[in-house]
Novice: 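One structure, pasted below without further comment.
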Protein chains: 2
Amino acid sequence: MEDIARIANVSKPTVSRALSGSPLVSDEKREQIAKIAREHGYAVNRNAQKLRQSRTNTIAVMLDFGSHRHGAIGDPFIFELLAGVSEALSVRDVDLLLSPSGLETAGDYVDFYRSRNADGFIIIGQGHRERMLRDLSRRDVPMVVWGAVMAKSPYCAVGSDNFLGGRLAGQRFLQKGCQNWLFVGNTSHDEIRLRYDGLMEAATQGSDVAVELLNIDVMAFTETHDRALEYLDAKKRPDAVFAFSDTAAMAIISAFRQRGLVAPDNYALVGYNNIPPSEHYNPAISTIEQNTHSAGAILVEKLMQMIEGGKPKSAMLPTRLIQRETC
Amino acid sequence: MEDIARIANVSKPTVSRALSGSPLVSDEKREQIAKIAREHGYAVNRNAQKLRQSRTNTIAVMLDFGSHRHGAIGDPFIFELLAGVSEALSVRDVDLLLSPSGLETAGDYVDFYRSRNADGFIIIGQGHRERMLRDLSRRDVPMVVWGAVMAKSPYCAVGSDNFLGGRLAGQRFLQKGCQNWLFVGNTSHDEIRLRYDGLMEAATQGSDVAVELLNIDVMAFTETHDRALEYLDAKKRPDAVFAFSDTAAMAIISAFRQRGLVAPDNYALVGYNNIPPSEHYNPAISTIEQNTHSAGAILVEKLMQMIEGGKPKSAMLPTRLIQRETC
DNA sequence: TTGTACGCGTTATCAC
DNA sequence: GTGATAACGCGTACAA
């Protein structure tokens, strides 16, 4: 920058101002300086910038790849969410640091933040780290969580109305007169548990409804498929199934078909997320739709508020039941 | 750091050495300093570090979210790839900057690199930026591309053997005696075009084989489904279809079924990627498998070599045909 | 093994 | 509007 200043016959601060679009510099000079910089292949050192400024204009997005590998990614839903976050950050010209390593305990997160690696965190899915998140929320680090939204939560969470989603599925089962329900999913994830709770509430409103729980440790396609087969082979015959994702619903359909069971003739089925293939699947999958599209933008918006010192409220996105062939 | 040094009764450089694990400091002092740092909530400023050092230990991964949104993501394949890259970088303790904004022209990339935002780029999919990539490769910026691997390519590319993939599908079609083939995919993407070329080569080895091309602009599920319907409604009746992804294959199955056509009775079908649901789909989808798992690690390995000043060769990963019900 | 002095490239502060 | 100067927090010669 020193060199550019010399060549342009101005001072270093002027170059800085010109290149960062300060209104304090004349347009004429700005253009001239920009031109010289371009010709000489000069670009402002972003690290020096970050060192000098209070903001790093970077946020870290934590994605639990571990639990999503090997087909474990429920469906394209997470990807859409990530795309939304990426886009919302782009608009604000903020960098996205993806799942930096070594972040386990709340202390790790605090250190990472104090090291000025990022201005805040977006954490996708509580998973099994609810405890850590509660700790972290007390440590004055800007963060927003995608996942279960619970009233008593000490941190800002954004997620779809999972409880309602579960209830909607249950109410539909009631309409169809189903009595032996099966919930498929890992309820140790709060998000999933809320759906289960919603389903249970609907169940209590019916008469003589029994709900079973098929807990899937690793919520992957193959795992779900195999566990469903085991379940059927134990002579269980549910007349309604609520799966934790559309991909899981596909696994269910496949497993049930292998035992001669077809939806909706032999059982009702509702999935979650409304991914594109669901509509054209055979049979077309009834599902709970959540507004994935705006989720990313909302997450970013809340986090920015928090970084500015605000205290944004948690937000719950609407869900609705989309009826297709399976239910 | 100054403070920590004072409290520990040592000098600033000693603290620096202790915290960065230099062998020049006694274990006793290192431990003592680390303890004090922990107690006082001190963490090394990573930006100052990056400013001072030649490496930033950050690499940028370019993902074309734009062409993957709204279900446009072919299937979970890209996600798996990203997970692999993320993991490989974690092991090396390198940060992953995801699709920074404002990178369009080769010049943008060069500036980004010169600004010391990242030590290099991993670019997922050539897409429509082949021209830019050629430019960029001449500019002395470390980068590796996932996608089509072509002999005359000026940059280091890693990808599966797309040509072979296409040929394998074609050879299978020949075995089954199919004569009216349909290729589904956007051949303006080099990766896809190579598959088409492979298919064509197989076609020339048969007698009386005709190949049609159904170009899908946006390679999304719904788009593929609708274009397939249009195709059938134009009274076309292929007896073999090669789709650019397994998700696309699902879209094809759905569209064909709507017109009363079922695989493998009415047509043979081969997909690509071998995603988990393909095995359990109805009908189970024959597909070309590529070694997604090691891809991420290889990309990172090549890029690191390049950053170290090496000139790594392009690499082609093996593919194989997995025969299931559809073909 | 440890300390001194300096520089990395930028922006904030204050004068003019 | 522009320029001189200091400061951001760290690593690294070099000396001790």
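First the proteins, then the strands, lettered A, B, ... as listed; each starts at 1.
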Novice: Check the phosphate of dG3(D) against Thr14(A), side-chain N and O only, distance under 4.0 Å to OP1 or OP2. Yes or no?
Specialist: yes
Novice: Which whole-number value in Å describes the distance from Asn45(B) CG to dT10(C) C1'?
Specialist: 13 Å
Novice: Under 3.5 Å, is there a donor-acceptor pair between the Gln305(A) and Glu301(A) side chains?
Specialist: yes
Novice: NA contact type, Lys29(B), heavy-atom cut-off 4.0 Å: base, sugar-phosphate, or nothing?
Specialist: sugar-phosphate
Novice: Between Asn162(A) and Ser160(A) (side chain of the first, backbone of the second, donor and acceptor by atom type, cut-off under 3.5 Å), is there such a pair?
Specialist: yes
Novice: What's the closest nucleotide to the side chain of Ser11(B) if the choices are dG11(D), dT4(C), dT2(D)?
Specialist: dT4(C)
Novice: Between C1' on dG9(C) and CZ on Arg6(A), what's the gap in Å once rounded to a whole number?
Specialist: 14 Å
Novice: Is Pro142(A) close to Leu303(A) at the side-chain level, that is, under 4.5 Å between some pair of heavy atoms?
Specialist: yes
Novice: With side chains defined as the heavy atoms from C-beta onward, is the minimum distance between Trp146(B) and Val85(B) less than 4.5 Å?
Specialist: no
Novice: Can you check the Gln32(B) CD to dT1(C) C1' distance for me, whole Å?
Specialist: 14 Å
Novice: What is the separation between atom CD on Gln53(A) and atom C1' on dA6(D), rounded to the nearest whole Å?
Specialist: 17 Å
Novice: Between the two ends of the helix from dT1(C)-dA16(D) to dC16(C)-dG1(D), what is the bend in degrees, rounded to 10 degrees, where each end axis spans five pairs?
Specialist: 30°
Novice: Considering only side-chain heavy atoms of Val44(B), which listed nucleotide, dC10(D), dT13(C), dA13(D), is closest?
Specialist: dC10(D)
Novice: Roughly, in whole Å, what's the span from CE in Met1(A) to C1' in dG7(C)?
Specialist: 16 Å
Novice: Round to a whole Å and report the spacing from CG of Leu19(A) to P of dG9(C).
Specialist: 15 Å
Novice: Side-chain N or O of Ser16(B) versus OP1/OP2 of dC10(D): is the shortest distance under 4.0 Å?
Specialist: no
Novice: Rounded off to whole Å, could you give me the CZ-to-P distance for the Arg30(B) and dT1(C) pair?
Specialist: 11 Å
Novice: Any donor-acceptor pair under 3.5 Å joining the side chain of Arg46(A) to the base of dG9(C)?
Specialist: no
Novice: Looking at the side chain of Tyr42(B), which of dC10(D), dT12(D), dG9(D) is the nearest nucleotide?
Specialist: dC10(D)
Novice: Establish, with yes or no, whether the OP1 or OP2 oxygen of dT2(D) is under 4.0 angstrom from a side-chain nitrogen or oxygen of Ser26(A).
Specialist: yes
Novice: Is any side-chain heavy atom of Met62(B) closer than 4.5 Å to a side-chain heavy atom of Tyr109(B)?
Specialist: yes
Novice: Assuming nearest nucleotide by heavy-atom distance, tell me which of Lys12(A) and Leu24(A) is located more 5' along DNA chain D.
Specialist: Leu24(A)
Novice: Between Glu130(B) and Arg134(B), is a salt bridge (Lys or Arg N to Asp or Glu O under 4.0 Å) present by the stated rule, with each step listed?
Specialist: CA-CA 6 Å; Glu130(B) 174 67 18; Arg134(B) 299 182 105 79; 2.3 Å; yes
Novice: Return the value, rounded to whole Å, for the distance between atom CZ of Arg114(B) and atom P of dG9(C).
Specialist: 14 Å
Novice: Examine distances only and state if a side-chain atom of Arg55(B) and a backbone atom of Asp119(B) form a donor-acceptor pair shorter than 3.5 Å.
Specialist: no
Novice: With no angle test and no hydrogens, is the base of dA7(D) tied to the side chain of Arg52(A) by a donor-acceptor pair under 3.5 Å?
Specialist: yes
Novice: Which is more 5' along DNA chain C, the nucleotide nearest Gln49(A) or the one nearest Ala48(B)? Just name the residue.
Specialist: Ala48(B)
Novice: Please answer whether the main-chain N or O of Lys50(A) pairs with a side-chain N or O of Thr56(A) as donor and acceptor at a distance below 3.5 Å.
Specialist: no
